[in-house]
Amino acid sequence: MSNTPEQQKKKIILSGIQPTGIFTLGNYLGAIKNWVTLQEEYNCCYMIADLHAITVRQETAALRSGILDAAALVLACGVDPEKSLVFLQSGVHTHAELSWILSCYTQFGELSRMTQFKDKSARHADNVNAGLFTYPVLMAADILVYQADLVPVGADQKQHLELARNIAERFNAVHGNTFTVPEPYIPKAGARIMSLADPTKKMSKSDTNVNGFISILDDKDTIIRKFRRAVTDSDACVRYGEGKDGINNLLTIYSTVTGKTIAEAEAEFDGKGYGDFKTAVGEAVADHLAPVRDNFSRIRADKDALLAITSSGAEKALSITERTMRKVYKKVGFIR
Ligand code: ATP
Ligand code: LTN
């Protein structure tokens, strides 16, 4: 990202993804696909949220390689380091620094209402740590430290975004205009891809049931097999509707990867059985993801090149965020 006057005028985008496993089709359709599209029009900052990942216990060696996998996957999906900044969150110390300050502008009650906290503390009852609780404050800091205008995320992050806006508005009300109040950017279709094994739950990369998610590196046979096993209903009619969570999910996926509308997809499979439909969805997804798999093996194999991209990204990111930190320190009353 250079600093021509034209680029200075462009709006700023910040988003992140946790290095907690190979990205799923949900991560791709809900978030990363938009990261790629938006980089043409905005100044984009994309980070691997490694600080967030340790709110759940991670094995050290697995996290280290997971971080490199995540950075390589972001690039393999089409994020171009010539256009966007790509970096590791822990490599830009201002995120954690601002997070502390913002935590003093966030209420206990607000954090207690976060549904992700409630879900994750139920799932990891033996490790309900303070980081899991203050997770959304760090996320607010990630966003506000860049003065981001837009944040492309899936629907599950909407509540965290709302909180980031509230924190920004509160700080601005106390200290005068300091932070840009960010807007969420949530896709109309694909914002909440559901698990193939239980279509009432969102597809998640840390699901212990591998049949519930499509990994974006799964090969064609695996993808088709997982779709063929997808839980549906006994109605045997490829139509979007109430009580048909499984089919609704497959129709959404099919329409997002092929660019067809739901109505066009319904017409295409009119009179056909679920078996034919599931195979067609599997094939469409596998074809869509094939280039990502090829790119990933190439990019992940060159660790030095990958780290050169993330360190150069972090260096530029740090200089952007230090501007905000100077302003914040002054407003709060700290002496530098
Ligand atoms: P974990 O299982 O470790 O909590 P995750 O799969 O939920 O991870 P995140 O790293 O928390 O993934 O999310 C990265 C991005 O992907 C976020 O913008 C999030 O909203 C989006 N996302 C996650 N799951 C889905 C989904 N099922 N459908 C659409 N978007 C999703
Ligand atoms: N909490 C996000 C990941 C994340 C993020 C961010 C997304 C961390 N910091 C800042 C957008 C902006 C998630 O997807 N679970």
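Each ligand, and each atom within it, is numbered from 1 in the order the structure gives.
Sorted by chain then number, the residues whose non-hydrogen atoms approach ligand 2 to under 4.0 Å are L14, S15, G16, Q18, M47, A49, H52, Y135, M139, D142, I143, V151, V153, Q157.
Taking 4.5 Å as the limit, some side-chain heavy atom of N249 sits within range of a side-chain heavy atom of L196.
Two rings, from F23 and Y28, have their centers 6.0 Å or more apart. Ring centroid separation for the pair F133 and F108 comes in under the 6.0 Å cut-off.
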Practice item. Kindly determine whether H95 and Y146 satisfy ring pair (Phe, Tyr, Trp, His ring centres under 6.0 Å), including the steps that lead there. Key: CA-CA 9 Å; H95 292 232; Y146 291 86; 5.3 Å; yes
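When all heavy atoms of L163 and P136 are compared, the closest pair comes out as CD2-CB, 3.5 Å. Here the closest heavy-atom approach between residue V145 and residue T324 is recorded as O-OG1, 2.9 Å.
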For residues 328-335, tabulate all N or O donor-acceptor pairs below 3.5 Å that involve a side-chain atom, not counting sequence neighbours.
residue, atom, partner, partner atom, Å
Y329, OH, E97, OE2, 3.0
K331, NZ, H175, O, 3.3
K331, NZ, N177, O, 3.4

Between the protein and ligand 1, are there any N or O atom pairs that come within less than 3.5 Å of each other, and if so, what are their names and distances?
residue, atom, partner, partner atom, Å
ligand 1, 2 (O), S204, OG, 2.5
ligand 1, 2 (O), S206, N, 3.2
ligand 1, 2 (O), S206, OG, 2.6
ligand 1, 3 (O), T20, OG1, 2.8
ligand 1, 3 (O), S206, OG, 3.4
ligand 1, 4 (O), K120, NZ, 3.1
ligand 1, 6 (O), N27, ND2, 3.3
ligand 1, 6 (O), K205, N, 3.1
ligand 1, 7 (O), K202, NZ, 2.4
ligand 1, 8 (O), K205, NZ, 3.1
ligand 1, 10 (O), Q18, N, 3.0
ligand 1, 10 (O), K205, NZ, 2.8
ligand 1, 11 (O), Q18, NE2, 3.2
ligand 1, 12 (O), N27, ND2, 3.1
ligand 1, 12 (O), K205, NZ, 3.2
ligand 1, 16 (O), N27, ND2, 3.1
ligand 1, 18 (O), G154, N, 3.2
ligand 1, 20 (O), G154, N, 2.8
ligand 1, 20 (O), D156, OD1, 2.4
ligand 1, 24 (N), K202, NZ, 3.1
ligand 1, 27 (N), I193, O, 2.7
ligand 1, 27 (N), M203, N, 3.4
ligand 1, 27 (N), M203, O, 2.9
ligand 1, 28 (N), I193, N, 2.9
ligand 1, 30 (N), G26, O, 3.1

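In this pair, Y135 and H160 present their aromatic rings tilted. The plane angle is within the 30 to 60° band.
In this structure D287 satisfies the side-chain hydrogen bond (donor to acceptor under 3.5 Å, both in side chains) test together with K220, sequence neighbours excluded.
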